[in-house]
There are 2 protein chains.
Amino acid sequence: MPGILEDADRHCAKTGVRLTPLRRRVLELVAQAGAPVKAYDLLSQIDQTATSAKPPTVYRALDFLMEAGLVHRVEALNAFVACPQAGHGHAAVLYVCESCANVTEVQGSRPGQENKPAGFTVKRSVIEHYGLCADCPHP
Amino acid sequence: MPGILEDADRHCAKTGVRLTPLRRRVLELVAQAGAPVKAYDLLSQIDQTATSAKPPTVYRALDFLMEAGLVHRVEALNAFVACPQAGHGHAAVLYVCESCANVTEVQGSRPGQENKPAGFTVKRSVIEHYGLCADCPHP
DNA sequence: GAGCGGATGTAATAACGTAACGCTTTGACG
DNA sequence: CGTCAAAGCGTTACGTTATTACATCCGCTC
Ligand SMILES: [Zn+2]
Ligand SMILES: [Zn+2]
Ligand SMILES: [Zn+2]
Ligand SMILES: [Zn+2]
């Protein structure tokens, strides 16, 4: 979590996209959480400061942040996590602890493509592992 | 595609779970589709025969079928596909064509766990690759 | 037939996400 | 500087996905 916002600033400056105050605020909330966050939770947090937040507000910001490679969507949870490495080019592999909700992200060039069908061209991968992290008691 | 229902009958007999007519009907619809199907689409198809289908009806059937290893949920699509190999023990890897919606399932013992964090115990994996299959025109 | 557990029916609502429209801000350009 | 187009954002309304809670039914056992 240290420096995620600063990294985002640098990354956006380099790639020429606009990290507006609203988008930066949403990224800040996602990064602060340190765990998967729901869109409507972000919504209610934004609402505390400005009464004007509606669903499109937060979804647009999240779309931007995902496009910019600053946030990943956790598909099986309908939630979002901040990426610890702004704008990395490869697919993210997420290890999600079902006990403490901690998420560890690792990256690889072609993760999970062990037996790819001949001729298939992968454009996007969703790789999420659910279980128990090292810090949580194993049954 | 051929024999999915018969395989399901055998598998449920062997594991001692009840593949009721309703559950079998839902599995039949998912298998017939040959592509990811949405829960509410199943719902409307069931409705054609019995006016009594409501959301819990189909979600309960799908929960059972997933638990039994007869159906997989495609997380990034909020949809469901029939498993070609009833009750296989390993994680499924899905290759989903974004052009023709065809899904190819392959299986492996620990797919996508290239750099698993030390001490993490994986209970469930979601591995979905999106792109273009061999039969669809590549740009 | 009383009791029990699993399966299903039913109503209501929660949770998640998007379309469409208009106003405002930004930044490029003459 | 004034103009203009594109991007960003507010707002309303709606569509889609999923669950909770409670009632009922059915097959089984005692
Ligand atoms: Zn990442
Ligand atoms: Zn944990
Ligand atoms: Zn399978
Ligand atoms: Zn295809």
Side-chain angles (χ1 to χ4, degrees), chain A residues 8-9 12-13 15-30 33 35-68 70-81 101 126 128, chain B residues 8-9 12-13 15-30 33 35-68 70-81 101 126 128:
Chain A
D9 287 334
C12 289
T15 57
V17 296
R18 301 205 313 145
L19 187 62
T20 63
L22 176 60
R23 291 164 173 174
R24 198 170 189 280
R25 169 95 175 107
V26 170
L27 174 59
E28 182 182 14
L29 290 172
V30 176
V37 204
K38 305 276 199 168
Y40 276 68
D41 291 345
L42 294 170
L43 196 49
S44 60
Q45 291 184 261
I46 299 174
D47 261 330
Q48 295 180 352
T49 58
T51 66
S52 60
K54 302 282 183 298
T57 304
V58 65
Y59 280 106
R60 283 192 288 230
L62 288 168
D63 284 347
F64 168 86
L65 293 170
M66 285 190 291
E67 183 75 17
L70 301 171
V71 154
H72 298 295
R73 181 178 164 85
V74 188
E75 295 288 351
L77 298 180
N78 295 333
F80 303 83
V81 290
V126 174
E128 301 168 4
Chain B
D9 288 333
C12 290
T15 57
V17 296
R18 301 208 310 146
L19 187 61
T20 64
L22 176 60
R23 292 164 172 173
R24 198 171 190 278
R25 169 94 174 109
V26 171
L27 174 59
E28 182 183 13
L29 290 171
V30 176
V37 204
K38 303 275 198 168
Y40 275 70
D41 291 344
L42 294 170
L43 196 49
S44 59
Q45 291 184 260
I46 299 174
D47 262 330
Q48 295 179 353
T49 59
T51 66
S52 60
K54 303 282 183 301
T57 304
V58 66
Y59 280 107
R60 283 193 287 231
L62 288 168
D63 284 347
F64 168 86
L65 295 169
M66 284 189 291
E67 183 76 15
L70 300 170
V71 155
H72 298 295
R73 181 179 164 84
V74 189
E75 294 289 350
L77 298 180
N78 294 333
F80 303 84
V81 291
V126 175
E128 301 168 3

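All chains are named by letter (A, B, ...) in the order of the sequence lines, taking the proteins before the strands, and each is independently numbered beginning at 1.
- Distances were taken from every side-chain heavy atom of B:Pro55 (C-beta onward) to each of C:dT10, C:dT26, D:dA18; the shortest belongs to D:dA18.
- Note on A:Arg23: a side-chain N or O is less than 4.0 Å away from OP1 or OP2 of D:dG8.
- Remark: A:Thr57 is in phosphate contact with D:dG10, judged by side-chain N or O atoms under 4.0 Å from OP1 or OP2.
- In the set C:dT8, D:dG10, C:dA11, the nucleotide with an atom closest to the side chain of A:Arg60 is D:dG10.
- The aromatic ring of B:Tyr59 does not stack onto the base of D:dT19, failing the criterion of a centre distance under 5.5 Å from the six-membered base ring together with planes under 30° apart.
- Listed pair A:Arg73 / C:dG17 meets the phosphate criterion, a side-chain N or O lying under 4.0 Å from OP1 or OP2.
- Within the structure, a side-chain polar atom (N or O) of B:Thr20 is placed less than 4.0 Å from OP1 or OP2 of C:dT8.
- Counting only distance, with no hydrogens or angles, the side chain of B:Glu128 and the backbone of B:Glu75 share a donor-acceptor pair below 3.5 Å.
- In this structure, CG of A:Asp41 is placed 13 Å from C1' of C:dA14, rounded to the nearest angstrom.
- Atom CD1 of B:Ile46 is separated from atom C1' of C:dG9 by 13 Å (rounded to the nearest Å).
- Atoms CG and CZ, from B:Leu42 and B:Phe80 in turn, are 8.0 Å apart once rounded to the nearest 0.5 Å.
- Comparing B:Leu77 and B:Arg18, the nucleotide of DNA chain D nearest to each residue sits closer to the 5' end for B:Leu77.
- Atom NZ in B:Lys38 sits roughly 12 Å away from atom C1' in D:dG15 (whole-Å rounding).
- The side-chain ring of B:Tyr40 is not stacked on the base of D:dT16, judged by centre separation under 5.5 angstrom and plane angle under 30 degrees.
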